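Order of listing sets the numbers, starting from 1, for every ligand and every atom in it. We count residues from 1, following the sequence as given. What you are looking at is a predicted structure, and each value in this text was computed from that prediction instead of being measured.
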Amino acid sequence: MDRDHLLEVQDKLAPISRQSAAEGIVLLKNDQAVLPIQQSDNLAVFGRCQLDTYRSGTGSGGAVNVRYSISLIEGLLANDSIELNENLLQRYRDWVKENPFDDGGGGWAAEPWYQEELLLSDEEVALASSQSNKAMFIIGRTAGEDQDNADASGSYKMTDTEVSMLTKITQNFSEVIVVMNTTNIMDMSWLMTLEHRHSIKSVVYCWAAGMEGGHALADVLSGDVSPSGKLTDTIAYDLCDYPSSANFGGTTHNCYAEDVYVGYRYFETFKPNAVQFEFGFGLSYTAFKQELVDFDVVGQGKNSIVRASIKVTNVGEHYVGKEVVQVYLEAPQGQLGKPARVLVGFKKTSPLKPGASETLVISMPVRDFASYDDSGVTGNKSCYVLEKGDYCFHVGSSVRDTTKLLHRYHVSNTFVTEQCQEALAPIRSFERIKPVKQRDSYYGVDFESVPLRTVSLSERVESNLPQALVITGDLGYKLLDVKNGSVTMEQFVSQLSLPQLATMVRGEGMCSPKVTPGTAAAFGGVSDDLIDFGIPAVAAADGPSGIRMDSGHKATQVPIGTLLGCTWNSELNEELFYWVGEELRAYQIDTLLGPGVNIHRHPLNGRNFEYFSEDPFVTGTLAAAQVKGLKKAGVTGTLKHFAANDQETGRMDVDSVMSERAIREVHIKPFEMAVKHGGATTIMTCYNPVNGHWGASNYDLNTSVLRQEWGFKGIVMTDWWAKMNHPTEGGVEDKIHTSYMIRAQNDLYMVVDNDGAAINVAGDDTLTAIEQGTLTLGELQRSVMNICWFILDTPAMERPIVRYEPVKAIRSFNEYLGSDAIALDALSTVEVSKTTSVVVEVLEGATYQVSAVMSYDKPSLAQSSCALSLNDEFCMSLSVHGTEGERVNIEGSQVHLEKGFYHLCIDFVKAGATLHELNLKPC
Ligand code: BGC
């Protein structure tokens, strides 16, 4: 790795991360232009998160080891035009020192959703108000993997202390700004009920804005950047009003009774009065006018494209700003029933000076206006159809603040835009909602039965079995020969023996020493004989908000997915991820495990922060842009979690039961867009079943739709330690059912223990199934070819493809004057769960095999690891996932040590586990 180049890349990435963060900050309220802060103002900042600023959520999606992180207060202090109340700041500094951030011990899903807040006395707040004219209160919340939010104080709702503090502040100040440093939307109904709420002049969602978040907030508060972020979720007054509330959190299954009516599609159709802040909403310091200057339809029939040209003018006097033009479709109800509004196009302007204009041309293929007929009610079962009638357009700056265009797209006779096949239909009956016209312009809720599966999955699988290739044995072809065109992929893969083929579909991790330290997986050339075929070991690392390396190596944390969604800026997302791609490349990592493109179906989902929005179009557009950016840098992104991984409660087992229409129009739409428009070539399946079949063994998901309909060429990998059940019969799930996974064309199992792929350490059933005839050789070879095609396009092909060299040599220091050096074999009695350093004395120079005994008192999906370094040189990571307290052996790498002394540091980069023994045995 070229360190100078890495630093250069990181220096380029940081300012773009800052710009993105500033563009995703959403201003919800700004009465009497209390923002931006003026030179004449003195700002009193309340709330501990000014110092303990959240920069991401918890779990795999937020665990980036950063070079630095700018807290909100550091950002404000660095901005010359903001004057702060220093006394108050000192009070917070002192208190935070005595009441440090509670990370819950640092373990998996252990971090609390909120931090204890300082409750200042009335006198202290009054004193602050005598020194400052404006107050800012920061509310912080986090959430993440393995733990949904709760409809409770300290999670979705404010704590009593927060309410008391805000009450005191609003009592004493007449100009109060509330900043939401949160990973998700929160209950905002207090804006209507708080006693002195009239003092709250401004509300800002700054989200968790990555490591440059403090600077970005200061850019916005100071007016250096006028806010241009727009909500990608609806904030309703009451959580009960979200249509999925009735089912969210189910522990066996979860019926998606709201069907396609997710978020604003529901509220704008059925319940507009329940909305506090609407989808697409966000204020600026300036004002804009939007005018339609041109409208036309080009092309014919299903290939027609509607084009609307909108001129945007900055009609304010003082601030440069950007505006988002949003186009919503109002389709005829027809037989299927439709949401009253569906986002079908958007674009953001460049920065416009007061008086300046820009005309944005928004092109909308009419195919995107079609609805999926899963029942055949239009006479076109399993098709996307445009039902007859007028398709109207509402253009503006939020789903509410729009003008209805006089121009329409008229369909005289219902027609099909795409013929699909019935796929992914539910097997459990339930009812879904459907609009019924009322006297006013809104709709009442009606119900209809969801159409159930009518096709035979086993016939489908049987009729699509690939031909097996005759195994030739090693003919000397290398993978590169396929790239050069001298042999076909078939000829190349024919060389692999059955055990070699089975090894290819197993990834190793976490923290495989065969690739960049601390990453989530190595796959491809994970054994010597595969490497001899010229197949390199490929590295995959979490994502999505920056590179996670549990070795402690430092990377850039970019803002969370939700914030990036709120930028509504495709070009910026592309650029940001181009630079993330360059950072991946500098670290020799080939794919980022992100973007996360699940839908914000419910505000309490713990992982919402990793995803963009409640809307599939904005999600798909921005995800496609991110993938494009990554690809431009030569690497790629892995879309996850395919599909409907919409709650963390029982995330491995709870069946997402949904109609084919809801799956297609909402939940897999972003994946489809990122595949078709972004060129995505890797996808991670979900842990959960979708209509009875676990994601990793779901044939319709991974083959019928993804590959046959969308033409996806690439690999599908499981989520880490996922389970699979029978692809046609359903039934019992298990981690060892890789034959089911391969049959479904989920190519790669993630992950088996390090160095365990070739010996089938997990005891999976790939080869037994082939022996027994329940999986064919052709199917296994098909998945291996998918993997090889993918690998051919990775930068791994440009790295030296050499056998993994297990021995790392580290130099000793010969003299040690301290008295506490311990002998190497004394390490077998260490018992540590916190970062620890010792000096060890090596009496005999030799190559040592490192192994450990570790335990982790958590369920199997929890992740923990420690990094070992010797004399400040990174040596290896020992990684363990939840063992429910059982002690397990963890095999480390080999290290060559000379006679002498070593500083050994055991760094719990991802805390939680206990290291009971560390053994170094001469080889
Ligand atoms: C998460 C994935 C993640 C993987 C590797 C799983 O627990 O669900 O999103 O990429 O771990 O860390």
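In terms of protein heavy-atom proximity, atom 11 (O) of ligand 1 is nearest to Gln863 NE2, 2.9 Å. The protein heavy-atom contact nearest to atom 2 (C) of ligand 1 is Asp719 OD1, 3.2 Å. For atom 12 (O) of ligand 1, the closest non-hydrogen atom of the protein is Asp542 OD2, 2.4 Å.
Residue Met750 places every heavy atom at 4.0 Å or more from ligand 1. Not a single heavy atom of Glu610 sits less than 4.0 Å from an atom of ligand 1. Residue Tyr687 places a heavy atom under 4.0 Å from ligand 1.
Less than 4.0 angstrom separates some heavy atom of Arg651 from each of these atoms of ligand 1: 7 (O), 8 (O). Listed by number with element, the atoms of ligand 1 under 4.0 angstrom from any heavy atom of Lys640 are 2 (C), 3 (C), 9 (O), 10 (O). Heavy-atom proximity to Arg548, at under 4.0 Å, picks out these atoms of ligand 1: 12 (O). Residue contact check: Leu593 has heavy atoms under 4.0 Å from atoms 10 (O) of ligand 1. Close contacts of ligand 1 with His641, meaning ligand atoms under 4.0 Å from a residue heavy atom, involve 2 (C), 8 (O), 9 (O).
Remark: Asp646 does not engage Arg607 in a salt bridge, criterion side-chain N to carboxylate O under 4.0 Å. For the pair Glu884 and Lys858, the salt-bridge criterion is not met [side-chain N within less than 4.0 Å of a carboxylate O]. A salt bridge does not link Arg651 to Asp148: none of the charged side-chain nitrogens sits closer than 4.0 Å to a carboxylate oxygen.
For ligand 1, the polar-atom distance check finds no N/O of Trp720 at less than 3.5 Å from any of the ligand's N/O atoms. By the 3.5 Å distance cut-off applied to N or O atoms, Glu145 is counted among the residues near ligand 1.
Side chain of Asn754 to backbone of Gly509: a donor-acceptor contact under 3.5 angstrom is found.
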query: Would Lys514 and Glu508 satisfy salt bridge (Lys or Arg N to Asp or Glu O under 4.0 Å), going step by step from the backbone distance to the final call?
result: CA-CA 9 Å; Lys514 296 173 186 166; Glu508 292 183 351; 2.9 Å; yes

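Listed here is the closest heavy atom pair of His600 and Thr562: CE1-OG1, 3.4 Å. Across all non-hydrogen atoms, the minimal contact from Met549 to Lys554 is CE-O, 4.2 Å.
Taking the six-membered ring for Trp and the full ring otherwise, the centers of Phe874 and His553 sit less than 6.0 Å from each other.
Contacts of His881 with ligand 1, taken as heavy-atom pairs under 4.0 Å, are absent altogether.
Under the 3.5 Å distance criterion, with hydrogens and angles disregarded, a donor-acceptor pair is assigned to the side chains of Asn746 and Thr685.
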